[in-house]
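Working notes, beginning with the structure itself.
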There are 2 protein chains.
Amino acid sequence: MGRRDDDALAAEWHQLMGRYNRLMCALDRELSLAHDLSASEFEVLQQLEHAEECSLRMATLGENAHLTQSALSRLVSRLETDGLVTRKACENDRRSLFVALTDAGRARYAEARPTQRRVLRDEGSDCLPV
Amino acid sequence: MGRRDDDALAAEWHQLMGRYNRLMCALDRELSLAHDLSASEFEVLQQLEHAEECSLRMATLGENAHLTQSALSRLVSRLETDGLVTRKACENDRRSLFVALTDAGRARYAEARPTQRRVLRDEGSDCLPV
DNA sequence: GCGCATTGAATGCACGTGCATCTAACTTGG
DNA sequence: CCAAGTTAGATGCACGTGCATTCAATGCGC
């Protein structure tokens with residue numbers, strides 16, 4: 001609670017910012033150059049790949065991928081335009097949507113994963129594990 | 001190097017993203033509501049406050065605050081417009097600029113710091129220390 | 001069954017960012 | 001001393017984001 005603890009917390013936060021920015025920039029750059037995917041888009045594909053039937057509700061997907069509702073809505077639109085995912089209406093609740101990976105989406109993810117893992121190894125060696 | 005290590009690294013990265021996004025959103029929201037400062041702007045003021053004579057070269061400031069050169073350039077412009085910092089030419093190298101905290105800037109930082117520290121305590125308790 | 005609050009998702013808007021590029025100022029080799 | 005290369009910072013541009021709002025579908029109380 002004291003000044004010292006607060007400053008220690010601020011220092012931790014400062015470190016966290018540094019790690020995040022370095023990794024995120026590297027991932028965005030390399031993934032978009034090599035696979036035309038942003039780091040967020042990759043993250044969404046990854047969540048879907050590991051989901052039951054490669055399909056998740058928008059809200060769930062947003063939480064898992066650390067995206068706000070509006071960011072996710074547009075991101076999924078982009079992925080859909082590129083043919084990597086499809087939106088499917090939910091029968092129980094017609095407000096909800098399921099997002100599902102297409103074959104192309106699964107292929108793109110498989111293609112991009114080694115790149116992402118390599119960047120994490122190269123850039124993250126002194127950042128991760130936290 | 002193996003698949004397991006890579007996946008562990010990816011999990012760490014996923015955690016890091018979550019922590020960063022949660023804290024950054026909270027800080028941005030509260031700091032801009034209460035003090036009309038973004039989290040990045042606060043970070044810059046903080047770096048200056050702790051610098052020799054409250055003054056740093058742009059490049060140094062950029063590294064310390066984890067900002068790209070272009071982001072920093074515009075951010076400093078905003079702070080200057082608001083009267084919180086001033087740009088001063090460097091006499092030895094007329095390409096360089098020093099950015100210095102004004103009295104108003106120091107005051108705004110002092111005002112905002114408790115808010116930032118509180119958010120870090122509230123939101124960061126389960127995120128920090130890493 | 002009918003309003004009323006709530007929830008899921010889409011969208012207008014303003015804004016901050018990265019990338020590429022530009023200009024000016026310094027540096028270095030000849 | 002000059003030309004070529006390098007470095008500091010500013011800027012045009014496209015783009016992704018958050019916030020606030022909107023619209024439709026659902027649940028809940030009466």
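Residue numbering restarts at 1 for every chain, and letters A, B, ... go by the order of the sequence lines. Predicted model, so just to flag it, every value in this text is computed and none were measured. As a basis for the values below, the full set of heavy atoms in this structure was taken, side chains included, without hydrogen atoms, waters or symmetry mates.
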Seminar exercise, completed: Residue pairs passing the ring-ring contact (aromatic ring centres under 6.0 Å, His included) test with at least one member in residues 18-68 of chain B, sequence neighbours excluded, are A:W13-B:Y20, A:H14-B:H66, A:Y20-B:Y20, B:F42-B:Y109
Exercise. Which of residues 61-82 of chain A sit near DNA chain D, with a heavy atom under 4.0 Å from it?
Worked result: A:T68, A:S70, A:A71, A:R74, A:R78
Problem set entry | DNA chain D contacts made by residues 31-54 of chain A, counting heavy atoms under 4.0 Å | A:S40
For this session: Would you check if A:V99 and A:M58 make a side-chain contact, meaning some heavy-atom pair closer than 4.5 Å?
Result: yes
Exercise. Under the criterion side-chain contact (heavy atoms from CB on, under 4.5 Å), which of A:L101, A:V76, A:V44, A:L79 is the partner of A:L84?
Worked result: A:L79
For this session: Not counting sequence neighbours, which residues clear ring pair (Phe, Tyr, Trp, His ring centres under 6.0 Å) with B:F98? List them please.
Result: none
For this session: Scan residues 71-97 of chain A for pairs that pass ring-ring contact (aromatic ring centres under 6.0 Å, His included), counting only residues two or more places apart or in two chains.
Result: none
Problem set entry | Heavy-atom contact window of chain B on DNA chain D, given 5' to 3' at under 4.0 Å | D:dT7 to D:dC19
Exercise. Can you list the residues that meet the salt bridge (Lys or Arg N to Asp or Glu O under 4.0 Å) rule with B:R108, with sequence neighbours excluded?
Worked result: none
Problem set entry | Contacts of A:R74 that satisfy salt bridge (Lys or Arg N to Asp or Glu O under 4.0 Å) - sequence neighbours left out | none
For this session: Mind checking side chain to side chain donor-acceptor pair (under 3.5 Å) for A:N92 and listing every partner two or more places apart, or none if nothing turns up?
Result: none
For this session: Could you pull out all residues at least two apart from A:D93 that satisfy salt bridge (Lys or Arg N to Asp or Glu O under 4.0 Å)?
Result: A:R95
Seminar exercise, completed: Taking every heavy atom of A:A10 against every heavy atom of B:L120, the minimum-distance pair comes out as CA-CD1, 3.6 Å
For this session: Using salt bridge (Lys or Arg N to Asp or Glu O under 4.0 Å) as the criterion, list what pairs up with A:E41, not counting sequence neighbours.
Result: A:R78
Problem set entry | Nucleic acid contacts - residues 88-97 of chain A versus DNA chain C, non-hydrogen atoms under 4.0 Å | A:R95, A:S96, A:L97
Exercise. Does B:R118 pair with A:D6 as a salt bridge, N-O distance under 4.0 Å?
Worked result: no
